[in-house]
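Notes to accompany the following structure.
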Amino acid sequence: MVLRLPVSGRFRVLLAAIAVSATLPVLPVSAADKPLDKAAVEQIVRDYLLTHPEILLEAMEALEKKQQAEGEKATVEALKSNRQALEQAALSPVGGNPKGDVTLVEFFDYNCGYCKRTHPERSAAVKGDGKVRVVYKEFPILAPSSKEAAKAALAANKQGKYEAFHTALMSHEGRLDSDAIRAAAKQVGLDVKKLEQDMGDPAIEAEIKANMELAQKLGIRGTPGFVIGDTVVPGAIETEQFIALFNATRAAKKAGG
């Protein structure tokens, strides 16, 4: 699935008109014929489009299909060239079944309501399947406290409590702040003093920066965003959709040998 910036209706019509005008038949011009001026050509195009308005719809549909195909091809290439960074980055926490036969990569922000809404759906699908490896990509884009929470989560990984802390942050209602982050840390049994020290590790800042760059390469501009196999899924989805993705990815791997 490909993410694309929306194109306004008026701009779509303009593009379609340009495409149509390029397909209009060109009559041969003899030495005795007078060349058509710009106004005359524009009038011919206008009259033709008014007589055959369905051409605009056909051109718009063809343009969208072409853009979608080009976008999907670019996404697949981006996934192939960044597979290692997506699935095997040293500092990206791993959950689910570390030895699972398919890998689900999740980009998220702890202040994202949609991320919080889809968290139990994703968790249920992963737990029910039992053979899915989850890679967590901290993607703090919504608020300063999002980055503070992301750093705290990566620091929690050093104490072996990433997933417990991740779940605690995702379960928090409303916007996070420093007090809420520390409270979640205490709730799951983290050494808060060590956590705060580890949050200053330059490697943690580098991991977040790498995630930002990776998301940009893949066209992921919001949260949540999921990557599984050669599929990029923007936005929140439900348990059944996760299960369908797991099965489709396995089927694709089997078909590809």
Side-chain angles (χ1 to χ4, degrees), residues 1-3 72-110 112 115 118-119 122-123 125-141 146-147 149-167 169-170 198-199 201-234 237 242-243 245-257:
M1 190 169 184
V2 181
L3 294 176
E72 289 175 352
K73 181 179 179 181
T75 297
V76 170
E77 290 301 317
L79 288 171
K80 286 181 180 179
S81 60
N82 292 284
R83 186 70 66 186
Q84 181 72 19
L86 261 175
E87 299 182 358
Q88 304 295 336
L91 288 184
S92 294
V94 174
N97 182 346
K99 296 182 179 180
D101 59 350
V102 295
T103 296
L104 174 70
V105 183
E106 180 179 359
F107 290 80
F108 56 90
D109 183 305
Y110 290 114
C112 168
C115 297
T118 202
H119 174 71
R122 193 269 299 157
S123 298
V126 170
K127 183 177 180 180
D129 184 284
K131 294 186 292 182
V132 177
R133 177 175 176 267
V134 180
V135 177
Y136 296 96
K137 293 292 186 182
E138 301 284 344
F139 189 41
I141 59 175
S146 297
K147 188 169 185 180
K151 286 185 173 183
L154 291 172
N157 199 36
K158 292 175 178 286
Q159 297 185 42
K161 292 182 177 291
Y162 178 86
E163 285 200 287
F165 187 52
H166 174 83
T167 297
L169 292 177
M170 282 295 178
D198 288 338
M199 285 170 65
D201 186 346
I204 286 179
E205 181 72 33
E207 166 72 2
I208 293 173
K209 181 180 178 182
N211 290 347
M212 296 289 189
E213 294 173 351
L214 184 58
Q216 184 176 15
K217 291 176 183 177
L218 299 176
I220 296 175
R221 302 180 180 90
T223 54
F226 300 94
V227 178
I228 181 168
D230 290 335
T231 302
V232 176
V233 182
I237 57 177
F242 280 113
I243 293 172
L245 282 170
F246 301 159
N247 293 335
T249 302
R250 288 192 179 100
K253 288 178 67 174
K254 185 176 181 180

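Just so you know, these numbers use all the heavy atoms, side chains as well, and skip hydrogens, waters and symmetry mates. None of these values were measured; they are calculated from a predicted model.
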Taking side chain as C-beta onward, heavy atoms only, is [X] less than 4.5 Å from [Y]?
X: Leu214; Y: Gln216; answer: no
X: Phe226; Y: Thr118; answer: yes
X: Glu205; Y: Lys151; answer: yes
X: Val132; Y: Asn97; answer: no
X: Arg133; Y: Val94; answer: yes
X: Leu86; Y: Leu79; answer: yes
X: Ile237; Y: Leu245; answer: yes
X: Phe246; Y: Leu104; answer: yes

Evaluate Met170 against Phe108 for side-chain contact (heavy atoms from CB on, under 4.5 Å), listing each step before the verdict. CA-CA 10 Å; Met170 282 295 178; Phe108 56 90; 3.6 Å; yes
Test side-chain contact (heavy atoms from CB on, under 4.5 Å) on Thr249 and Thr231; report intermediate values, then the result. CA-CA 9 Å; Thr249 302; Thr231 302; 5.7 Å; no
Non-hydrogen atoms of [X] and [Y] that approach each other most closely:
X: Cys115; Y: Pro224; answer: SG-N, 3.6 Å
X: Ala149; Y: Tyr110; answer: CB-CD1, 3.6 Å
X: Pro234; Y: Val232; answer: CD-O, 3.6 Å
X: Asp109; Y: Ser146; answer: OD1-OG, 2.7 Å
X: Asp230; Y: Arg83; answer: OD1-NH2, 2.8 Å
X: Leu91; Y: Ile204; answer: CD1-N, 4.5 Å

Yes or no on salt bridge (Lys or Arg N to Asp or Glu O under 4.0 Å) for Asp129 and Arg250, after CA distance, side-chain angles and deciding distance? CA-CA 12 Å; Asp129 184 284; Arg250 288 192 179 100; 2.7 Å; yes
Give a yes or no on whether the backbone of Phe139 and the side-chain of Asn211 come within a donor-acceptor separation of less than 3.5 Å. no
When you measure from the side chain of Lys253 to the backbone of Asp101, do you find a donor-acceptor pair of N or O atoms at a distance under 3.5 Å? yes
Name the orientation class of the two ring planes belonging to Tyr136 and His166 (parallel below 30°, tilted from 30 to 60°, perpendicular beyond 60°). tilted
May I ask you to say whether Lys147 pairs ionically with Glu138, meaning some side-chain N is under 4.0 Å from a carboxylate O? no
Less than 4.0 Å between a side-chain N and a carboxylate O, is that true for Arg122 and Glu106? yes
Determine, step by step, whether Ile220 and Lys137 satisfy the side-chain contact (heavy atoms from CB on, under 4.5 Å) criterion, reporting the C-alpha distance in whole Å, the side-chain angles of both residues, the deciding distance to 0.1 Å, and the verdict. CA-CA 12 Å; Ile220 296 175; Lys137 293 292 186 182; over 6 Å; no
Straight-line distance of Lys158 NZ to Asp198 CG, nearest 0.5 Å: 5.0 Å
